[in-house]
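Report on one structure; see the data block that follows.
Quick caveat: nothing in here was measured; it's all calculated off a predicted structure. We're numbering straight along the sequence, starting at 1. Below, each value reflects all heavy atoms present in this structure, side chains not excepted, and no hydrogens, waters or symmetry copies.
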Amino acid sequence: MSACCSRVRRSPPGAAEWRSAEEEQRKKNQEQQSKQINSRSCSSNMADIFQNVMDHAVAVARKAGEVVREALTDDRKVMTKSSAVDLVTQTDQKVEQLIIQSVKEKFPEHRFIGEESVAAGEPSILTDDPTWIIDPIDGTTNFVHAFPFVAISIGFAINKRVEVGVVYSCLEDKMFTARQGKGAFCNGEPLKVSDQTDVHQSIIATEFGSNRNPEAVDKIFCSLRNILSLPVHGVRGAGTAAINMCLVASGCVEAYYEIGIHVWDVAAGSLVVLEAGGVLMDVEGADVDLMSRRIVAANNRTIAERIVKEIAPFRPIRDDAPPQNH
């Protein structure tokens, strides 16, 4: 063996440090790649969750619609809640239980805000947790009188943001659906708001609600008079907030406003409007707060801001307010 080959090889000055730095960089690259993969996996899993929620909401809304249609052929026992005109039926309660039980079986860790549950004393608190916001029959008075606009409204929120909205107009058999960033649809057909920017060429939707306090009624009619006098082509109301919002999303009316609705009335419909290209705001022009019981939904900001100028605002008790002492 030559002396050359038998000689101990020595690393050049700094080589060990260089290999150590190279190894450390390689580990960092691997960690970064792992994080990216995990991030994509989380995004994919979240997308899967939202699709699962959407699929389940649509399926249970259809089942609920069958219950409502069948109940229309029966004698409908009517009860009252907050006032003589705030109606509830056994069908409302039956449908809400059907929806909640079905969801609990598939998503046992999810929370709920349901109209009839809240009426029975459950809290109406929207947290960051996955939460289903349910109105089993939006348009109970319509249902009682067989007026043909009745909706099952199911919203799903995470981090206080509605991610999935399903509104089933069950007597019309129209299924309105929306997912954040995925568009809005009616029976699978894409929805798009009206492109009208002239309020004088617009139809505006609203409701009178169930508050019969004279001061509130005066404000409601003051707003109605102001808007009619702009003038606008007309004022309409389907008798259900969810369907009114879907009419905005469909381009049939330019705006809907109301004071006194509840989060379960508008959670699902609000997303349908946004995903159809519309806007939401408070009746005094600020960002919408779904727990405030006040909303303007419109095809664009021009119409929304013009309507806001004519509304005589008042503040109902918030949905998330502490229980009132009587």
Side-chain angles (χ1 to χ4, degrees), residues 53 56-68 71 76-83 85-144 150-168 170 209-211 240-242 245 258 260-271 289-293 295 316-326:
V53 166
H56 194 74
V58 168
V60 76
R62 287 200 184 279
K63 288 181 183 177
E66 291 174 9
V67 172
V68 172
R76 296 177 289 285
K77 183 180 179 181
V78 182
M79 298 162 279
T80 60
K81 292 188 286 187
S82 64
S83 72
V85 294
D86 187 9
L87 308 182
V88 63
T89 70
Q90 289 178 336
T91 306
D92 291 79
Q93 298 163 342
K94 181 179 179 181
V95 168
E96 183 165 310
Q97 284 307 306
L98 180 156
I99 295 171
I100 290 176
Q101 189 58 42
S102 176
V103 171
K104 279 184 175 178
E105 290 173 3
K106 190 169 180 66
F107 305 99
E109 297 180 354
H110 290 186
R111 299 166 63 97
F112 300 90
I113 297 175
E115 177 176 12
E116 306 316 325
S117 302
V118 171
E122 292 290 324
S124 176
I125 304 295
L126 185 59
T127 69
D128 289 337
D129 295 333
T131 303
W132 295 67
I133 307 170
I134 302 162
D135 192 343
I137 299 182
D138 188 30
T140 300
T141 302
N142 287 0
F143 170 71
V144 167
V150 176
I152 291 94
S153 177
I154 303 174
F156 176 76
I158 292 183
N159 297 322
K160 300 184 181 70
R161 185 173 87 156
V162 181
E163 296 285 351
V164 173
V166 170
V167 176
Y168 184 37
C170 56
S210 57
N211 188 341
T240 137
M245 297 183 86
E258 189 171 354
I261 35 75
H262 294 277
V263 63
W264 47 81
D265 297 313
V266 297
S270 67
L271 185 59
D289 174 355
L290 293 180
M291 304 302 283
S292 73
R293 303 182 59 199
I295 198 165
I317 297 171
R318 292 177 57 87
D319 276 329
D320 53 4
Q324 302 294 302
N325 294 323
H326 296 289

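Partners of Glu258 by salt bridge (charged side-chain N to carboxylate O under 4.0 Å, His left out), not counting sequence neighbours: none found. With sequence neighbours left out, Asp265 forms a side chain to side chain donor-acceptor pair (under 3.5 Å) with no residue at all. The side chain to side chain donor-acceptor pair (under 3.5 Å) test applied to Asn159 returns no partner, not counting sequence neighbours. In this structure, the side chain to side chain contact (heavy atoms under 4.5 Å, CB included) partners of Ala119, at least two apart in sequence or on a different chain, are Lys81, Glu116. A search for ring pair (Phe, Tyr, Trp, His ring centres under 6.0 Å) contacts involving Phe156 returns His110, Trp132, not counting sequence neighbours. The side chain to side chain donor-acceptor pair (under 3.5 Å) test applied to Arg318 returns Asp289, Asp320, not counting sequence neighbours. Partners of Ser270 under the side chain to side chain donor-acceptor pair (under 3.5 Å) rule, at least two apart in sequence or in another chain, do not exist in this structure. Residues forming a side chain to side chain contact (heavy atoms under 4.5 Å, CB included) with Met79 (at least two apart in sequence, or on another chain): Val88, Gln90, Gln93. Applying the side chain to side chain contact (heavy atoms under 4.5 Å, CB included) test to Val144 and every residue at least two apart in sequence or in another chain returns Val78, Leu87, Thr89, Thr140.
In this structure, the side chain of Asp138 does not engage the main chain of Ser153 through any donor-acceptor pair within 3.5 Å. Using a distance-only test at 3.5 Å, with no hydrogens or angles considered, a donor-acceptor pair links the side chain of Arg293 to the main chain of Ile317.
The distance from atom CG of Asp135 to atom CD1 of Ile113, rounded to the nearest 0.5 Å, is 12.5 Å. Taking NZ from Lys160 and CG from Asp128, the interatomic distance works out to 3.5 Å, rounded to the nearest 0.5 Å. Atom CD1 of Ile100 sits about 6.0 Å away from atom CZ of Phe112, to the nearest 0.5 Å. Rounding to the nearest 0.5 Å places CZ of Arg161 at 13.0 Å from CG of Leu126.
Applying the salt bridge (charged side-chain N to carboxylate O under 4.0 Å, His left out) test to pairs two or more places apart or on separate chains, those with a residue in residues 92-111 are Arg111-Asp129.
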Side-chain donor-acceptor distances from residues 56-68 under 3.5 Å, at least two apart:
unit_1, atom_1, unit_2, atom_2, d
His56, NE2, Ser102, O, 3.3
His56, NE2, Ser102, OG, 2.9

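Inter-residue side-chain proximity for Trp264 and Ile134 is flagged as unmet; no heavy-atom pair is nearer than 4.5 Å. Residues Glu163 and Pro130 are not in side-chain contact: their nearest non-hydrogen atoms beyond the backbone lie 4.5 Å or more apart. Using a 4.5 Å cut-off on side-chain heavy atoms (C-beta onward), Val150 and Thr240 make no contact. In this structure the side chain of Leu290 reaches within 4.5 angstrom of the side chain of Val162, judged on heavy atoms.
Screening Thr131, Asp319, Ile295, Val118 against Val263 for a side chain to side chain contact (heavy atoms under 4.5 Å, CB included) leaves a single residue, Asp319.
Closest approach of Gly155 and Ala268 over heavy atoms only: N-CB, 3.9 Å. Of all the heavy atoms in Val167 and Gly269, the pair that sits closest is CG2-N, 4.0 Å.
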